[in-house]
Amino acid sequence: QVQLVESGGCFVQPGESLTLSCAASGSIFIIYDMGWYRQVPGKQREFVATVTSGGATNYADSVKGRFTISRDNAKNTIYLQLTGLKSDDTDVYHCKAAAQHSWYAPSSDYWGKGTHVTVSS
């Protein structure tokens, strides 16, 4: 199976920046799209950004122009650079990957446990 581990979340003040990372490991045959979502308990999970294996990106309107997603296929890792952070960006950021763990297995969605980002003055 595929495991995803996020890192980089921390406490920052409004306007500051930080970068999140998500590394995939385990039994990996191929990884397709990877992306970031955010959610706090009691709220609906929100799409943030995705990146294809070819590097094509897509962003939620709420983060467009402030967040940048990137991918290192050699490391099976994606990054999310967050700039101009606002208090509304406070959330648990989860990584998602569409992947096959074996050549014969269908593609499945895998999720990480999340990393906390808190934006407050």
Side-chain angles (χ1 to χ4, degrees):
Q1 299 298 313
V2 178
Q3 291 85 44
L4 300 175
V5 178
E6 304 95 334
S7 61
C10 63
F11 180 97
V12 295
Q13 294 189 338
E16 292 186 336
S17 302
L18 62 88
T19 299
L20 308 180
S21 301
C22 170
S25 63
S27 177
I28 300 173
F29 174 68
I30 188 170
I31 301 178
Y32 299 103
D33 293 359
M34 297 184 74
W36 292 95
Y37 294 74
R38 58 189 184 185
Q39 181 182 30
V40 292
K43 286 179 58 179
Q44 192 170 1
R45 183 171 292 170
E46 178 187 17
F47 162 74
V48 176
T50 56
V51 58
T52 68
S53 57
T57 59
N58 188 32
Y59 296 93
D61 288 342
S62 60
V63 307
K64 203 171 291 185
R66 298 190 299 123
F67 293 5
T68 302
I69 189 170
S70 60
R71 178 168 177 164
D72 186 335
N73 289 326
K75 295 181 179 179
N76 289 329
T77 299
I78 62 170
Y79 307 92
L80 186 68
Q81 183 179 15
L82 298 77
T83 64
L85 282 162
K86 310 173 183 178
S87 58
D88 287 349
D89 296 318
T90 295
D91 231 315
V92 180
Y93 285 72
H94 296 268
C95 175
K96 175 187 172 183
Q100 290 177 245
H101 64 81
S102 300
W103 66 268
Y104 54 82
S107 178
S108 298
D109 288 340
Y110 297 90
W111 291 89
K113 294 183 178 181
T115 184
H116 291 250
V117 173
T118 303
V119 184
S120 177
S121 56

For a 4.5 angstrom cut-off between non-hydrogen side-chain atoms, does Lys43 reach Arg38? no
State whether the side chain of Asp72 and the backbone N or O of Ala74 hold a donor-acceptor pair below 3.5 Å, judged by distance alone. yes
Examine Phe67 and Tyr79 and state if one hydrophobic cluster contains both, with Ile, Leu, Val, Met, Phe, Trp and Tyr joined whenever side-chain heavy atoms are less than 4.5 Å apart. no
Can you check whether Trp111 reaches Cys95 side chain to side chain, under 4.5 Å on heavy atoms? no
Minimum side-chain heavy-atom gap Leu18-Cys10 below 4.5 Å: yes
Non-hydrogen atoms of Ala24 and Val2 that approach each other most closely: CB-CG1, 4.3 Å
Could you give me the CA-CA distance, side-chain angles and deciding distance for Ser107 and Gln100, then say whether side-chain contact (heavy atoms from CB on, under 4.5 Å) is met? CA-CA 5 Å; Ser107 178; Gln100 290 177 245; 4.2 Å; yes
Cluster check Ile30, Tyr104: I/L/V/M/F/W/Y, side chain < 4.5 angstrom: yes
A side-chain contact here means heavy atoms from C-beta on lying under 4.5 Å apart; do Phe11 and Val119 qualify? no
Please evaluate residues Gln39 and Val92 with respect to the criterion side-chain contact (heavy atoms from CB on, under 4.5 Å), reporting the C-alpha separation (whole Å), side-chain torsions for both, the decisive distance (0.1 Å), and the verdict. CA-CA 5 Å; Gln39 181 182 30; Val92 180; 5.7 Å; no
Same apolar cluster (I L V M F W Y, side chains within < 4.5 Å links), Val117/Tyr37: no
For Ser62 and Glu46: C-alpha separation, side-chain torsions, deciding distance, then whether side-chain contact (heavy atoms from CB on, under 4.5 Å) applies. CA-CA 10 Å; Ser62 60; Glu46 178 187 17; 3.6 Å; yes
Within the structure provided, determine whether Asn76 and Ile28 are in side-chain contact (heavy-atom separation under 4.5 Å). yes
Indicate yes or no for a side-chain donor-acceptor contact from Ser102 to the backbone of Ala105 under 3.5 Å, with no hydrogens or angles considered. no
Are Met34 and Phe47 in one and the same hydrophobic cluster, where Ile, Leu, Val, Met, Phe, Trp and Tyr link if side-chain heavy atoms are under 4.5 Å apart? no
Heavy-atom donor-acceptor pair, Thr83 side chain to Arg66 backbone, under 3.5 Å: yes
Is there a side-chain contact between Ile69 and Tyr59 (heavy atoms, below 4.5 Å)? yes
Under the side-chain contact (heavy atoms from CB on, under 4.5 Å) rule, what do Ser7 and Thr115 come out as? Steps first, then yes or no, please. CA-CA 6 Å; Ser7 61; Thr115 184; 5.5 Å; no
Taking atom NZ of Lys75 as the centre, does the number of heavy atoms from other residues, nucleotides or ligands within less than 6.0 Å exceed 12? no
Quick one: do the Tyr110 and Gln3 side chains pair a donor with an acceptor below 3.5 Å? no
Could you tell me whether Asp89 and Lys86 make a salt bridge, using a distance below 4.0 angstrom between a side-chain N and a carboxylate O? no
Could you check whether any side-chain N or O of Ser27 sits under 3.5 Å from a backbone N or O of His101, counting only pairs where one atom can act as donor and the other as acceptor? yes
With a 4.5 Å cut-off on side-chain heavy atoms, are Lys96 and Trp36 touching? no
How about Glu6 and His94: do any of their side-chain heavy atoms sit closer than 4.5 Å? yes
Cluster question for you: counting only ILVMFWY and a side-chain heavy-atom cut-off of under 4.5 Å, with indirect links fine, are Ile31 and Val48 together? yes
